[in-house]
> 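Okay, here's the structure, questions in a sec.
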Amino acid sequence: MEGGERNFDSTVFNLGTVYKITPEFSAFVNFSQGFSVPRFLSFLGFPPTPSTFTIDGSIDDLQPQKVDQYEIGIRGNWESVQFALAGFYNYSELGARLIQNDRDILELQRAPERIYGVEASVDWQPVEDWQFGGIIGWNEGERDPNDEGEFEPLDSFSMQPLKVTAYVQNQTTPGWQNRLQFLVVGDRDRAFEEGIEPDPIDGYFLVDYISSIRIGEGTLQVGVYNLLDNQYSSVYSQALRGDINNFAESGRTVTVNYRLSW
């Protein structure tokens, strides 16, 4: 049997501007468009009814995806402080998601989709040998499966909960650096409350310690990850259906490596 053919083409636009309010402080606005062809591996793994499927037909499953992306934010860059704050909104008339149907079978669904969120970051160097900083990010996503203007939340495979990272770093000696870093992942229950997921996502808190010292021509690094030995499951593991797939991540882990560059 001879295979069919599909042709994809589109014109996309990108436009952005930055306005310097002061030499250290600026605001920016961006608009861009993304264009991608469907993932045939996902589609052919879970095809529609064979009697209605044709590669060269005008079915929605094989239509390209075009995304409008909007971003607005501010940035500041001073001698000892740097920060950024940005918000974004993405919209696609024909999103592509693998959805579990009533028979517990994954199927590709094409539907209007919107994703939005905010992110803020800050770095601070109060004195020469000390640095502090962090990033906080939040995003949410929704789709309209029946294309009727009624959006429902995306699952946690697609949308991550609130995430906060932070660090404290000290240049203890000219060749010795120590860093303590933190990760906070928040809860996410919106998809659970609206019947999209069977269970809510539980957040977790992690602390890592990393020490690097110059020895000879290379650098010796000692890391202690999950320093507090917290028991937790990743968001991806929790999002998998059923307790059998919800594996705990590694406990306290010590690594030692020596890196030589030439």
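Residues take their numbers from the sequence shown, with the count starting at 1.
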> Among residues at least two apart in sequence or on other chains, which ones pass ring pair (Phe, Tyr, Trp, His ring centres under 6.0 Å) with Phe192?
none

> For the OH atom on Tyr19, are there more than 12 heavy atoms of other groups (residues, nucleotides or ligands in this structure) within a distance under 6.0 Å?
no

> So, taking the atom named CZ in Phe132 and the one named CG in Leu180, what distance separates them when rounded to the nearest 0.5 Å?
10.5 Å

> Quick one: do Ile21 and Ile74 end up in the same hydrophobic cluster if we chain Ile, Leu, Val, Met, Phe, Trp and Tyr together by side-chain heavy atoms under 4.5 Å apart?
yes

> Tell me which one of Arg190, Arg188, Gln238 satisfies side chain to side chain donor-acceptor pair (under 3.5 Å) with Ser156.
Arg188

> Report the distance from atom CH2 of Trp78 to atom CD of Glu24, rounding to the nearest 0.5 Å.
7.0 Å

> Enter the distance from Ile196:CD1 to Met159:CE here, rounded to the nearest 0.5 Å.
13.5 Å

> Within the supplied structure, the quantity of interest is the number of heavy atoms (other residues, nucleotides, ligands) at a distance under 6.0 Å from Lys163 NZ; does it exceed 12?
no

> Decide if the gap between the ring center of Phe31 and the ring center of Phe13 is smaller than 6.0 angstrom.
no

> Should the pair Arg179 and Tyr209 be classed as cation-pi, given the thresholds of under 6.0 Å to the six-membered ring centre and 45° from the axis?
no

> Between Asp208 and Tyr167, do the side chains contain an N or O donor and an N or O acceptor separated by less than 3.5 Å?
no

> When you group the ILVMFWY residues by side-chain heavy-atom contacts below 4.5 Å and let the links chain together, are Val254 and Leu227 in the same group?
yes

> Establish, for the pair Arg252 and Tyr225, whether the NZ or CZ atom is under 6.0 angstrom from the six-membered ring centre and no further than 45 degrees off its axis.
no

> Between Tyr70 and Tyr89, what is the ring plane arrangement, given parallel below 30°, perpendicular above 60°, and tilted in between?
tilted

> Distance check, rounded to the nearest 0.5 Å: Phe35 atom CZ versus Ser92 atom OG?
11.0 Å

> To the nearest 0.5 Å, how far apart are CG in Asp129 and OG1 in Thr172?
8.0 Å

> What's the spacing between Leu220 CG and Leu260 CG if we round to 0.5 Å?
12.0 Å

> Are more than 12 heavy atoms, taken from residues, nucleotides or ligands other than Phe205, located less than 6.0 Å from that residue's CZ atom?
yes

> Any side-chain donor paired with an acceptor under 3.5 Å for Ser80 and Gln125?
no

> Apply the side-chain contact (heavy atoms from CB on, under 4.5 Å) test between Glu119 and each candidate in Asn139, Ile136, Ile135; give the one that qualifies.
Ile135

> Consider only side-chain N and O atoms of Asp68 and Gln33, and report whether a donor and an acceptor are under 3.5 Å apart.
yes

> Can Trp176 and Ser212 be counted as having a side-chain donor-acceptor contact under 3.5 angstrom?
no

